Amino acid sequence: MRLTHLADYAVVMMTAAARREPCARLSATDLAADTGVPLPTAQKLMQRLAAAGLLVGHRGAGGGYALARAAGEISLADIVEAVEGPIAMTQCVGHEDGTSDCALDQHCRIKPHMGIVGDAVRGALGAVSLRELAR
């Protein structure tokens, strides 16, 4: 399993944000400059992270974004899922309605167990806090 570029960039940006003073206001321009993430991508990611409740936006003079929770309360899993959606190891797992476009779906004996694998991966990512990443 490998993170997509967007998920990787989101982790890099959130780590940079966690290194700032608590409640510091962040702009996409500042984080792009700090991290090397292209500005349009930084803007897009900050919107996704805010929509997922990991950042909170502030309007007006001195506005920008801030971490929505303490860095120790945000996990690597939270960041990845904000960008990629629920963590699922295969195509057949993670659909709420149980449907799948996998050609093997009707005869697969592994499918019932893949949720366990996904839960283990999510648990491992969930055990790593943003505070730990920011050290």
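These numbers come from a predicted model, not from an experiment.
Checked for salt-bridge contact, R131 and E73 miss the test: no charged N lies under 4.0 Å from a carboxylate O.
Screening L26, L31, D8 for a side-chain contact (heavy atoms from CB on, under 4.5 Å) involving M13 leaves a single residue, L31.
For A77 against R122, the heavy-atom pair with the smallest separation is CB-NH1, 3.4 Å. Residues I87 and G118 share a closest heavy-atom pair of CG2-O, 4.3 Å. Scanning both residues, S27 and D30, for their nearest heavy atoms gives OG-N, 2.9 Å. The two residues A82 and L54 make their nearest non-hydrogen contact at CB-CD1, 3.9 Å. Nearest heavy atoms, A66 versus H58: CB-NE2, 4.0 Å. When every heavy atom of S75 is checked against every heavy atom of G126, the shortest pair comes out as CB-O, 3.4 Å.
Residues L67 and L130 have side chains in contact (heavy-atom distance under 4.5 Å, counting atoms from C-beta outward). For the pair K44 and Y9, the minimum side-chain heavy-atom distance is 4.5 Å or more. Side-chain contact between R69 and V56 is absent, with no heavy-atom pair separated by less than 4.5 Å.
Under a hydrophobic clustering in which Ile, Leu, Val, Met, Phe, Trp and Tyr are joined whenever their side-chain heavy atoms come within less than 4.5 Å, directly or via other members, M46 and L39 fall into different clusters. The hydrophobic cluster containing I116 does not contain V121, counting ILVMFWY residues as joined when their side-chain heavy atoms lie under 4.5 angstrom apart, directly or transitively. Placement of L133 and V12 in two distinct hydrophobic clusters is found when ILVMFWY residues are connected by side-chain heavy-atom separations under 4.5 Å, directly or transitively. By the rule that hydrophobic residues join a cluster once side-chain heavy atoms approach within less than 4.5 Å of another member, L49 and V11 end up as members of one cluster.
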Check: After noting the C-alpha distance and the side-chain angles of R48 and L6, does the key distance pass the side chain to side chain contact (heavy atoms under 4.5 Å, CB included) rule?
Finding: CA-CA 11 Å; R48 283 192 189 181; L6 283 179; 3.8 Å; yes
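Once rounded to the nearest 0.5 Å, the distance linking CG of D119 with CE of M114 reads 11.0 Å. Distance CD1/I74 to CG/L55: 7.0 Å, rounded to 0.5 Å.
In this structure, E132 contributes its side chain and S129 its backbone to a donor-acceptor pair below 3.5 Å. Panel note: side chain R19, backbone A134; a donor-acceptor pair is recorded below 3.5 Å.
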